[in-house]
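Below is one structure; the comments refer to it alone.
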Amino acid sequence: EEPLKALVFADACVDVNSQSSAAQEISGAASLPLHGSSLLHWQLYVLARSGVDEAIVLSSRPRDDLPTSPVLGCLKVTALSNATWCSPGDALREVESRVALRPRHDFVIVHHGTLFNMDVAAMVRSHKQRCKADRNWLVTLTLRNGVAYTPLVTAMQTETGALCFYSDAASLDEVSLDAKGDNAGLRFGGTVQISADVVDIGLDICSPDFLIEFRENFDFDNVRDYVRAKLDGGEAELLGNRIYAHFVDSHASEYATRIDSFGAYMTASRD
């Protein structure tokens, strides 16, 4: 079986000449110091500890700060950069086009700004078990409840863990679900858990066919564009692209957050 791979976004994978403060803030997240090491180093360390064999670091600019610490063990770190990328979706499409880099089995995506301590290999094993029972599962998103700087509202089918609603809370007035149409779990008497103040961690477990979705659709700028398109259009149920919602279990000592603002960085540093 192929070694477990992770795609790690070290920046926003946007135009290197972008001068917007938002782009600069997001792009610099991987280099932020956290107790003597960069965020990127912590990400790679947790991946190595979890049994990930290879990490492909994606960035617009070439990086000369890739960690080489012995604590990374046997983790193979490969860098891939391209100044012409306009979005993370472009980076994923390039990985898919390279036979030597393209994952052939279930793999991990770590988005920029993600800080976590979960056993990623265990999450991959759970994803594989779901796929054995139902091959329509394509992606597992990692979420948590709690105070968020950019909160979301989500709805999850409680029987299956399938995500059926995902929206920014700031622009949301109501939650509308079609209980008779596209959501098969609701159509046959399922129940839904609606949660506010949800944090999207930016840690995804993906089946290999996921990259084909990006190769065939250039409208997806990032993974969350894909998630919204499948949920809003009902395709997550109809076309076999089901999305599983894994909520972080703090009682099991799981920790995860997303550093997407200065306030989130300060909170993560205190944590």
Side-chain angles (χ1 to χ4, degrees), residues 3-14 16 21-82 85 88 91 95 101 107-124 141-144 146-150 199-205 222-223 246 248-250 252-271:
L4 180 56
K5 291 186 176 182
L7 308 182
V8 182
F9 284 95
D11 63 26
C13 290
V14 295
V16 296
S21 58
Q24 291 176 357
E25 180 180 12
I26 293 175
S27 295
S31 300
L32 289 173
L34 287 168
H35 292 277
S37 298
S38 67
L39 173 59
L40 178 60
H41 182 276
W42 284 111
Q43 291 171 333
L44 296 177
Y45 170 70
V46 173
L47 292 174
R49 188 184 64 181
S50 300
V52 175
D53 301 288
E54 181 178 358
I56 303 169
V57 178
L58 305 172
S59 60
S60 295
R61 298 176 177 84
R63 299 193 69 92
D64 56 5
D65 60 344
L66 293 181
T68 58
S69 170
V71 298
L72 297 183
C74 297
L75 178 67
K76 177 183 177 182
V77 181
T78 303
L80 180 63
S81 62
N82 191 326
W85 289 337
V95 170
L101 297 180
F107 65 98
V108 182
I109 294 180
V110 180
H111 296 269
H112 55 272
T114 296
L115 180 64
F116 59 98
N117 72 346
M118 282 91 73
D119 185 346
V120 174
M123 296 177 64
V124 172
L141 300 190
T142 306
L143 310 169
R144 73 166 171 83
V147 177
Y149 289 92
T150 53
V199 182
D200 187 337
I201 301 305
L203 176 65
D204 307 330
I205 311 299
N222 54 61
V223 176
H246 171 84
V248 174
D249 184 1
S250 59
S253 299
E254 289 186 345
Y255 175 83
T257 192
R258 185 77 178 272
I259 299 176
D260 54 5
S261 66
F262 182 73
Y265 168 63
M266 295 301 294
T267 300
S269 298
R270 288 194 297 268
D271 292 344

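Side-chain atoms are counted along with the backbone in the values below, which use heavy atoms only and exclude waters and symmetry mates. Remember, predicted model here, so these are calculated numbers, not experimental data.
Closest heavy-atom contact between Asp200 and Thr142: OD1-O, 3.8 Å. The minimum heavy-atom distance linking Met118 with Tyr255 is given by the pair SD-O, 3.4 Å. Shortest non-hydrogen contact noted between Phe107 and Leu4 is CA-CD1, 4.4 Å. Closest heavy-atom contact between Arg61 and Asp11: N-OD2, 3.7 Å. Smallest separation of non-hydrogen atoms from Phe9 and Pro88: CE2-CB, 3.6 Å. Residue Ser60 comes nearest to Ser81 through the heavy atom pair O-CB, 3.9 Å, listed as atom of the first residue, atom of the second, then distance.
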Determine, step by step, whether Val95 and Leu58 satisfy the side chain to side chain contact (heavy atoms under 4.5 Å, CB included) criterion, reporting the C-alpha distance in whole Å, the side-chain angles of both residues, the deciding distance to 0.1 Å, and the verdict. CA-CA 9 Å; Val95 170; Leu58 305 172; 3.8 Å; yes
Please evaluate residues Val120 and Ile205 with respect to the criterion side chain to side chain contact (heavy atoms under 4.5 Å, CB included), reporting the C-alpha separation (whole Å), side-chain torsions for both, the decisive distance (0.1 Å), and the verdict. CA-CA 8 Å; Val120 174; Ile205 311 299; 4.3 Å; yes
Derivation of the side chain to side chain contact (heavy atoms under 4.5 Å, CB included) call for Trp85 and Leu80: CA-CA 11 Å; Trp85 289 337; Leu80 180 63; 4.0 Å; yes
Verify side chain to side chain donor-acceptor pair (under 3.5 Å) between His112 and Asp260, making sure each step is shown before the conclusion. CA-CA 8 Å; His112 55 272; Asp260 54 5; over 6 Å; no
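Judged by distance alone, the side chain of Glu54 and the main-chain N or O of Ala6 form no donor-acceptor pair under 3.5 Å. Between the side chain of Ser38 and the main chain of His41, a donor-acceptor pair closer than 3.5 Å is present. For Arg49 (side chain) and Asn117 (main-chain N/O), a donor-acceptor pair under 3.5 Å exists by modelled atom type. A distance-only check finds a donor-acceptor pair linking the side chain of Trp42 to the backbone of Leu34 [under 3.5 Å]. Between the Thr78 side chain and the Ile56 main chain, no donor and acceptor come within less than 3.5 Å of each other.
Between Val8 and Leu40 there is a side-chain heavy-atom pair separated by less than 4.5 Å. Residues Lys76 and Asp53 fail the side-chain proximity criterion, which asks for heavy atoms closer than 4.5 Å. Side-chain atoms of Val108 and Leu7, non-hydrogen and from C-beta on, never get closer than 4.5 Å to each other. The closest side-chain heavy-atom distance from Leu75 to Tyr45 is not below 4.5 Å. Residues Thr114 and Gln43 are in side-chain contact: their nearest non-hydrogen atoms beyond the backbone lie under 4.5 Å apart. When side chains are defined from C-beta on, Val199 does not count as touching Leu143, because their heavy atoms never get closer than 4.5 Å. Residues Asp119 and Glu254 fail the side-chain proximity criterion, which asks for heavy atoms closer than 4.5 Å. Residues Phe116 and Ser50 form no side-chain contact, since every pair of their non-hydrogen atoms from C-beta on lies 4.5 Å or further apart.
Side chains of His111 and Asp204: a donor on one and an acceptor on the other come within 3.5 Å. For the 3.5 Å distance criterion, the side chains of Arg63 and Ser31 qualify, holding a donor opposite an acceptor.
With rounding to the nearest 0.5 angstrom, the OG atom of Ser269 is 6.0 Å from the NE2 atom of His35. Atom OG of Ser59 and atom CG of Asn82 lie 9.5 Å apart (nearest 0.5 Å).
Partner Leu115 forms a side chain to side chain contact (heavy atoms under 4.5 Å, CB included) with one of Thr257, Val46, Asp271 and no other, that one being Thr257.
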